[in-house]
2 protein chains.
Amino acid sequence: MAATREKTPAKRADAQRSIEAILDAAVRCLSRNPDASVSEIAKAAGVGRVTVYGHFPNRADLVDAALRRAVEEGHAGLDAVDLDGDPREALARLIDSSWQLVSQSRLLLIAAQDVLPPGRIRELHAGPAERIERLVERGRDEGVFRVDLPTSWLVGVMHSVMHGAADEINAGRLTQDKAAGYIGATLLAAFAPPAELAGK
Amino acid sequence: MAATREKTPAKRADAQRSIEAILDAAVRCLSRNPDASVSEIAKAAGVGRVTVYGHFPNRADLVDAALRRAVEEGHAGLDAVDLDGDPREALARLIDSSWQLVSQSRLLLIAAQDVLPPGRIRELHAGPAERIERLVERGRDEGVFRVDLPTSWLVGVMHSVMHGAADEINAGRLTQDKAAGYIGATLLAAFAPPAELAGK
DNA sequence: CTCTTGTCGAACACCGGTGTACGAGTTACT
DNA sequence: AGTAACTCGTACACCGGTGTTCGACAAGAG
């Protein structure tokens, strides 16, 4: 209750600013290159390498903090999306406003995978993942999404296609503006109940 | 003429055997960990680290050779697959006998990406990629695959879903035997022409 | 203003990977 | 058998990243 921001009993405004900058830079660097060194991150943050070690005991903790920040930022941004109504349209909305975010976190996730214990990552992803799973489940209940494949698989396909789109953009074979449409068209078709079962 | 096997004027049988073992181990190690060191590979091959440098000037050249071998092995294995008949069934056959192979090469590809010039990778992948593209094109011409999305995108989706399946297996959320079925069911739905256009 | 806190740069030891050199021992061609 | 090719272990120099220490200095909080 005492401190709205953090649990630390006392932290100078100067330090807060540095930590902010470091975390910000860490997310940026690690999203570009999962093997980014502490020196790189420090330079990108506009601080000395030693300063980084002053706030984070080691590289692993820094990566953890960066991932945590990226996840909660994304989570907050997605809260605005309306997930009610036709699940298909809701899915399209969700894709439209989140696919880029998810694909950017991909490299950062790889960075985390090299350093963090396995359980930690799944722990941080529990929140956002649940949101999508609920939407898919609802679509299945309403009969607009297929039930012959597990929900977890469908969610996985969603991730894969988004990441694939990011790769295509990186490779210059796809433009940013077309991506969302392609992803939506692909996933809606993949999620739809198979024709054979619809007729029966 | 002089040597039926290789262009090298003279290569002892002993050396050939070593090179074989090294390449084999390199594919195995790099597929498991893209950052595998030369020492690791040498150990896995049952030879000394120095021997490796005796045959490959540096790590990059070794990775290149490993990738080349993996690609041509995969290419050869896929030659047996019958790609005639209904494109949908042909696609299912291709998936069934290749998805595992493709997903394994994924990490190796990452290894190559860190070391090799960008053009080189696309060059090595030209052969196999063309095979799939032809099949997809034929399916589009015959009206069983959708044409509202580019061929390159469809091929990309195929890759993404396969890789996603591999990840799911690694994470223990999917079993090997179910994977091929899931992939096929997903891709056939994603590739099918959208319902609205089918009626026309 | 004073004093605590934070920042910075340089320097250090440590580790692990790369690529090279040497010398002795082994293996295959002819 | 004799010779060239190959292998192996050790050792070395080099590089880059990590985490720590030190001392000087700036900036915020009281």
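Side-chain atoms are counted along with the backbone in the values below, which use heavy atoms only and exclude waters and symmetry mates. Convention: sequence-line order gives letters A, B, ...; per-chain numbering from 1.
Sorted by first and then second residue, the pairs that involve residues 19-37 of chain B and meet side-chain hydrogen bond (donor to acceptor under 3.5 Å, both in side chains), not counting sequence neighbours, are B/E20-B/R69. For the side-chain hydrogen bond (donor to acceptor under 3.5 Å, both in side chains) condition, the pairs that include at least one residue of residues 101-110 of chain B, sequence neighbours left out, are B/R106-B/D167. Listed by first and then second residue, the side-chain hydrogen bond (donor to acceptor under 3.5 Å, both in side chains) pairs that reach into residues 46-60 of chain B come to none, sequence neighbours excluded. The side-chain hydrogen bond (donor to acceptor under 3.5 Å, both in side chains) pairs that include a residue from residues 73-87 of chain B are B/H75-B/R131, B/D79-B/R131, B/D86-B/R88, where partners are two or more places apart or lie in different chains.
In this structure A/H125 satisfies the side chain to side chain contact (heavy atoms under 4.5 Å, CB included) test together with A/V71, A/L109, sequence neighbours excluded. For A/E168, the salt bridge (charged side-chain N to carboxylate O under 4.0 Å, His left out) partners at least two apart in sequence or on another chain are A/R173. Residues satisfying the salt bridge (charged side-chain N to carboxylate O under 4.0 Å, His left out) test with A/E142, not counting sequence neighbours, are A/R138.
If you check the side chains of B/T151 and B/E133, you find no donor sitting under 3.5 Å from an acceptor.
At a threshold of 4.0 Å, the pair A/R134-A/E137 does not count as salt-bridged, since none of the basic side-chain nitrogens sits closer than that to a carboxylate oxygen.
Under the 30°/60° scheme for interplanar angles, the aromatic rings of B/F145 and B/F191 are found to stand perpendicular.
B/V102 places none of its side-chain heavy atoms less than 4.5 Å from the side chain of B/M158. A 4.5 Å side-chain heavy-atom check between A/L62 and A/L23 finds at least one atom pair inside the cut-off.
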*Dump the intermediate steps for side-chain contact (heavy atoms from CB on, under 4.5 Å) on A/V161 and B/W153, then the final yes or no.*
CA-CA 10 Å; A/V161 172; B/W153 168 258; 4.0 Å; yes

Next item on the list: Report the C-alpha separation of A/L78 and A/L101 in whole Å, then their side-chain angles, then the decisive distance to 0.1 Å, and conclude whether the side-chain contact (heavy atoms from CB on, under 4.5 Å) test is met.
Entry: CA-CA 10 Å; A/L78 261 54; A/L101 186 100; 4.1 Å; yes

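Boundaries of the chain A contact region on DNA chain D are D/dG17 to D/dA29, first to last in 5' to 3' order (nucleotide atom under 4.0 Å from a heavy atom).
Using a 4.0 Å cutoff on non-hydrogen atoms, the parts of residues 33-62 of chain A near DNA chain D are A/S37, A/V38, A/R49, A/V50, A/Y53, A/P57, A/N58, A/R59, ordered by number. In the region residues 19-31 of chain B, proximity to DNA chain D at under 4.0 angstrom, judged on heavy atoms, holds for none of the residues.
The backbone N or O of A/L124 sits nowhere less than 3.5 Å from a side-chain atom of A/R68 that would complete a donor-acceptor pair.
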Atom pairs under 3.5 Å: protein N/O with N/O of nucleotides 24-30 of chain C:
residue : atom : partner : partner atom : Å
C/dT27  : O2   : B/R12   : NH1          : 2.8
C/dT27  : O2   : B/R12   : NH2          : 3.0
C/dA28  : OP1  : B/R17   : NH2          : 2.8

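Direction change of the helix axis from one end of the helix from C/dC1-D/dG30 to C/dT30-D/dA1 to the other is 30°, with five pairs defining each end axis (rounded to 10°).
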